[in-house]
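Notes follow once the structure below has been shown.
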2 protein chains.
Amino acid sequence: MRNVARKQQEPKASSGTLARPYRIEEQIGYLLRRAHQRASAIFQVTIGDPNITPTQYSSMVKLNEYRELSQNLLGRLVGMDKATMQGVVRRLKERGLVDSRPDPGDARRTLLSLTTEGQRIVNRLLLNGPAVSRETLKPLNGAEQRQLLDLLSKIV
Amino acid sequence: MRNVARKQQEPKASSGTLARPYRIEEQIGYLLRRAHQRASAIFQVTIGDPNITPTQYSSMVKLNEYRELSQNLLGRLVGMDKATMQGVVRRLKERGLVDSRPDPGDARRTLLSLTTEGQRIVNRLLLNGPAVSRETLKPLNGAEQRQLLDLLSKIV
DNA sequence: CCCATATCGTTCGTGTACGTACGATGACCC
DNA sequence: GGGTCATCGTACGTACACGAACGATATGGG
């Protein structure tokens with residue numbers, strides 16, 4: 001394999017100060033993006049249903065806990081803004097996993113709930129949920145796993 | 001404010017075992033998604049140019065280190081697959097920040113480089129890069145910041 | 001030299017993610 | 001009870017993210 005372009009040139013040296021050089025690979029935002037990519041990939045192959053995404057899963061889990069929620073409140077509970085939530089809910093409704101009815105007490109709201117099929121599916125997926133987390137955290141030992149979850153909780 | 005729908009019902013109790021209950025808010029994938037969202041939001045308001053996204057920034061930083069890179073190799077260096085890279089590069093080229101030429105030694109490849117304008121911009125953004133990371137890690141003390149970066153590096 | 005295989009970049013489709021703007025509705029206060 | 005302000009859901013535009021399929025090109029083995 002020609003690899004002329006593979007390592008043509010080393011990165012330019014950092015500035016001459018004693019300060020730590022700025023490497024994109026060591027920045028928190030970059031690492032979070034990569035870690036999130038990996039976690040999503042593991043979810044996809046481990047959760048046991050290729051048609052369910054992480055956000056759809058967390059939405060369904062929340063709807064399984066609270067039996068009925070407005071779209072906006074569900075969004076706050078799972079950390080999605082209303083525009084994003086709109087698309088997630090639309091797709092779940094199109095597949096018959098989620099149902100909706102107008103809130104009888106507030107005409108602005110739509111109450112969402114899982115259909116019987118949605119309940120059946122989320123209960124099946126919940127069996128694999130722990131395996132997804134276990135696989136994602138596999139490179140770390142027990143203490144490190146707890147540390148990471150703790151530190152991430154603090155910055156969220 | 002009516003809050004009938006706000007806390008209608010507590011989440012159902014977990015199963016009766018001693019095992020830790022499965023809470024979506026404690027799962028690594030969920031936390032990574034939320035943390036990444038927050039980091040992106042901080043990037044957007046701190047980097048100093050509302051038109052530059054995190055992925056565009058890391059691509060430009062890499063192109064500033066290596067003077068010329070194929071699109072595919074750049075993607076591997078910044079952790080984006082080729083389909084995603086295609087869009088990022090297209091937008092940077094449309095704005096005149098990146099230029100391309102055919103690789104004289106390999107007709108499959110396109111060599112990318114920063115334009116003078118692109119270099120000017122990335123050097124300005126690099127001044128704010130440390131502030132983005134500092135702000136994102138602000139809830140943690142120094143030791144915790146290093147731990148988090150270390151743990152994330154291990155699972156990426 | 002030729003063929004199987006791999007890589008490179010593009011395109012298409014689906015799905016987050018969010019800013020902004022909008023109309024409808026509700027809450028609050030004078 | 002009427003006006004102001006907030007909230008709810010929707011719509012549109014832009015941007016990542018990736019699987020799958022594709023044509024062009026390169027490589028390595030027989």
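Chain letters run A, B, ... following the sequence lines, proteins first, then strands; residues in each count from 1. Worth knowing before you read on, the calculation uses all heavy atoms, side chains too, and leaves out hydrogens, waters and symmetry mates. Values in this document were obtained by computation on a predicted structure and should not be read as measured data.
A:A83 comes within 4.0 angstrom of a nucleotide base, judged by non-hydrogen atoms across all strands. Here B:R95 lies in heavy-atom contact (under 4.0 Å) with sugar-phosphate atoms only. Looking at heavy-atom distances under 4.0 Å, B:T53 makes contact with sugar-phosphate atoms alone, never a base.
Rounding to whole angstrom units, CG of residue B:L74 and C1' of C:dG9 are separated by 13 Å. The nearest whole Å value for the distance from the CG atom in A:L112 to the P atom in D:dC8 is 13 Å. Atom-to-atom, CE of B:M85 to P of D:dG19 comes out at 16 Å; the value is rounded to the nearest Å. One atom, NE2 of A:H36, and another, P of C:dG15, lie 16 Å apart when rounded to the nearest Å. The CZ-C1' distance, from A:R90 to D:dC12, rounds to 13 Å in whole Å. Between the CG atom of B:D103 and the P atom of D:dT27 there is a distance of 10 Å, rounded to whole Å. Here the P atom of nucleotide C:dT14 and the CD atom of A:Q44 are 15 Å apart, to the nearest Å. Here the P atom of nucleotide D:dG9 and the CZ atom of A:R101 are 13 Å apart, to the nearest Å.
Using a cut-off of 4.0 Å between Lys/Arg side-chain N and Asp/Glu carboxylate O, B:R101 and B:E68 are scored as salt-bridged. For A:E94 and A:R91, the salt-bridge test fails: no basic side-chain N is under 4.0 Å from an acidic carboxylate O. Look at A:K62 and B:E25 and you find a salt bridge, because one of the NZ, NE, NH1 or NH2 atoms lies within 4.0 Å of a carboxylate O, short of that distance. Between A:E65 and B:R23, none of the side-chain N atoms (NZ, or NE/NH1/NH2) sits under 4.0 Å from a carboxylate O, so this pair counts as no salt bridge.
Nearest-nucleotide mapping onto DNA chain D: of B:V88 and B:A107, the residue sitting toward the 5' end is B:V88. Comparing A:E94 and B:K93, the nucleotide of DNA chain C nearest to each residue sits closer to the 5' end for B:K93. The residue among B:K82 and B:R38 whose nearest nucleotide of DNA chain C lies closer to the 5′ end is B:K82.
In the set C:dG15, D:dC16, C:dC18, the nucleotide with an atom closest to the side chain of A:D81 is C:dC18. When each of D:dA26, C:dC18, D:dG9 is scored by its nearest atom to the side-chain atoms of A:T110, the top-ranked nucleotide is D:dG9.
Regarding contacts with the backbone of D:dA17, a side-chain N or O of A:R33 is found under 4.0 angstrom from either OP1 or OP2. Contact annotation: B:R76 side-chain N/O to C:dC8 OP1/OP2 distance is under 4.0 Å. Within the 4.0 Å cut-off from OP1 or OP2 of C:dG9, not a single side-chain nitrogen or oxygen of B:R108 is found. Within the 4.0 Å cut-off from OP1 or OP2 of D:dG9, at least one side-chain nitrogen or oxygen of A:N72 is found. For the pair A:Q71 and D:dG9, the criterion of a side-chain N or O lying under 4.0 Å from OP1 or OP2 is not met. OP1 or OP2 of C:dT10 lies within a sub-4.0 Å distance of a side-chain N or O belonging to B:Q86. In this structure, B:Q37 does not reach the C:dT16 phosphate: none of its side-chain N or O atoms is under 4.0 Å from OP1 or OP2. Contact between the side-chain N/O atoms of A:Q56 and the OP1/OP2 oxygens of C:dT16 is found at a separation under 4.0 Å. Residue B:R109 has no polar side-chain atom (N or O) positioned under 4.0 Å from OP1 or OP2 of D:dA26. Under 4.0 angstrom from either OP1 or OP2 of D:dC16 there lies at least one side-chain N or O belonging to B:T55.
Between B:L112 and B:V89, the shortest heavy-atom distance links the atoms CD1-CG2, 3.6 Å.
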Pair B:Q27-A:V132, side-chain contact (heavy atoms from CB on, under 4.5 Å): steps then yes or no
CA-CA 9 Å; B:Q27 304 309 308; A:V132 174; over 6 Å; no
